[in-house]
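Below is one structure, written out as structure tokens, with a few remarks after it.
If you're wondering where the values come from, they're calculated on a predicted model, not measured in any experiment. Numbering of ligands and ligand atoms starts at 1, following listing order. Keep in mind that the numbers below use all heavy atoms, side chains included, and drop hydrogens, waters and symmetry copies.
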Amino acid sequence: MSKLSNDLDLLGDAARARLGQTFGLQIGGKTVETPESYALTDPSTGLEFARAAEARPEDLDAAVAAARKAMDGEWKRLRPHERELRLLRLADLLEQNERELSEIETLCSGRLLSNTAGVDVRYSAHVLRYMAGWATKLEGQTMRLSVPYIPDGELRGFTFREPIGVVGAIVPWNVALGIAVWKIAPALAAGCAIVLKPAPQTPLSALRFAQLAAEAGIPAGVINIVTGSSPRLGEMLVSHPGISMVTFTGSTEIGRRIAVSAAGNFKKCSLELGGKSPVILMEDAEVEVSAQAAAWAILANHGQNCCAGSRLYVHRAIHDQVLERVVDIVAGIELSAPLLPGAQMGPVVTQAQKQRILGFIQAGITEGAALLTGGTAPEHDGCYLRPTVLAGVTSDMTPAREEIFGPVVVVAAFDSEAEALHLANDSRFGLGASVFTQDLGRVHRMTQGLEAGSVWINIHNALDVAMPFGGWKESGMGNDLGESSVLAHTRLKASVHRYG
Ligand code: NAP
């Protein structure tokens, strides 16, 4: 067994038992088989290990109908505290099933087991617990009114926050279960039901999650999962007349199409899209600490993070030192099978993604960037490529402008705070940005000046469930996480009462 190919004997019993199976849809609390299925392949070998159902239009209709029935039925009748308790139970079940969930996520995506266990399972349990608390805290307002054309009587106004309706969620493969829970948890806290479409590569964790939700006492039909390998399924979900709100995480290109389609029938839309997030090291940044942080800002999850630190800007006073250290760290990364304990970097998700990333690297070299490490792929059937540093990159070069979504960082030097801000903001994206400095005045100026939904100081990619996470510019609209993500799943009703 090559060190690059997953050894399936390492799997625990629960995940091993799923090898070779065909996974049905989860609709209305039942597993639904369909006539067609498609292959799920292990990115570390390119080999098929299971299959997933191809949902048909009638399956989608059934999922939306099941969600509507559940939302207007048992889910609606439950008191908010009971909704909270069931979400808390689901969080416990997630943790109890960590090994199986993280292993099936790793098999589908090629992401490290340490990452899928930490981010998709443990962090998701944390998200569920935070969101559970909101079920009992959705409040309206009360006011005394003075409608001018109703001169008599006493008028009182009340506002109510009601669930927005059946939510259609579409999620990517890069943190498949984690992002699915970012969508499901606030929707359920607000009293909605959901139909979720995972990315075709990574459907298994969401399917298992729906089964655990049933065990936690979440009524049948509140969570429905439809899988398929064609973009048609996502398009049908977005345009389905029974869906009231679309919540999407994925690329800017697909997000744009979804916004247009959802506008056609006035669906509310929340879009979490791509990024090209800058990491800025000022001249007073501590070299070793900030170089480590900058390297891991792009290496984490193989660079397949929406807010990966994919553009590194370093003050000229420390540029050469930092660059040497970052190259050292990146060049020292060993590629290995993601199921191996202690693995540092596994494959990217598909061969197509690997070729796309290599294409961006080549474009950068052709345009004049210096390849300092990486840029190649090992001879192996898995989707591996070596993490890469491109230096001397100017803002007009392709790898500085496009979201590569892989372990490739572009590096450039700057001479002043104003130049750093200009470089950082010279992008169509605006998801995250970080600054490493000890100067408090500069912290405030740069926090204000950076055009990004999240700004981190002396750290990169710190996402807390209590903080809204969303993009500016072409990185999206709306946000996941935080109170506002729950409120987004409600609609306001204003009611006027007359007395006497
Ligand atoms: P993607 O190609 O945009 O796909 C995302 C999801 O959309 C998949 O489930 C995909 O399914 C579906 N889809 C494709 N075409 C569709 C259409 N016309 N209508 C409706 N749904 C459609 O993105 P990806 O490659 O999976 O994920 C990587 C992207 O996600 C990156 O751009 C990354 O930055 C972004 N992301 C953003 C955040 C954030 O919070 N801002 C977080 C994580 C990832 P099919 O493949 O079957 O079409």
Practice task
Could you tell me whether L273 approaches ligand 1 through its side chain, its backbone, both or neither, with non-hydrogen atoms closer than 4.0 Å?
Solution key: backbone
Practice task
Quick one: look at L431 and ligand 1, take heavy-atom pairs under 4.0 Å, and tell me if it's side chain, backbone, both or neither.
Solution key: side chain
Handout entry: Any N/O pair T249/ligand 1 closer than 3.5 Å
Key = no
Handout entry: V171, portion touching ligand 1 at heavy-atom distance under 4.0 Å
Key = backbone
Problem - Polar proximity ligand 1 side, S475 side, N/O cut 3.5 Å exclusive - result: no
Exercise for the section: For E403, take its heavy atoms, then give the atoms of ligand 1 lying under 4.0 Å from any of them. Expected result: 31 (C), 32 (O), 33 (C), 34 (O)
Practice task
Search all heavy atoms of A169 against all heavy atoms of L237 and return the closest pair with its distance.
Solution key: O-CD2, 3.7 Å
Handout entry: Residue part near ligand 1, for E253, under 4.0 Å between non-hydrogen atoms
Key = neither
Problem - Basic-acidic side-chain contact under 4.0 Å: R122, E98 - result: yes
Exercise for the section: Check step by step if side chain to side chain donor-acceptor pair (under 3.5 Å) holds for E105 and T202. Expected result: CA-CA 7 Å; E105 195 74 284; T202 51; 4.9 Å; no
Exercise for the section: Answer with yes or no whether the side chains of N479 and S485 bring together a donor and an acceptor at under 3.5 Å. Expected result: no
Exercise for the section: Please work out whether any backbone atom (N, CA, C, O) or any side-chain heavy atom from C-beta onward of L233 is under 4.0 Å from ligand 1, and answer side chain, backbone, both or neither. Expected result: neither
Fill in the blank from the handout: Only one of L107, T106, L177 passes side-chain contact (heavy atoms from CB on, under 4.5 Å) with S205, and that residue is L177
Exercise for the section: May I ask you to check whether K197 has an N/O atom sitting below 3.5 Å from an N/O atom of ligand 1? Expected result: yes
Fill in the blank from the handout: Quick look: P200 vs ligand 1, heavy-atom contacts under 4.0 Å, and the answer is side chain
Exercise for the section: Ignoring angles and geometry beyond distance, decide whether W173 reaches within less than 3.5 Å of ligand 1 through its nitrogen or oxygen atoms. Expected result: yes
Practice task
Show the numbers, then the answer: is there a salt bridge (Lys or Arg N to Asp or Glu O under 4.0 Å) between R18 and E100?
Solution key: CA-CA 10 Å; R18 293 176 172 264; E100 179 192 1; 2.7 Å; yes
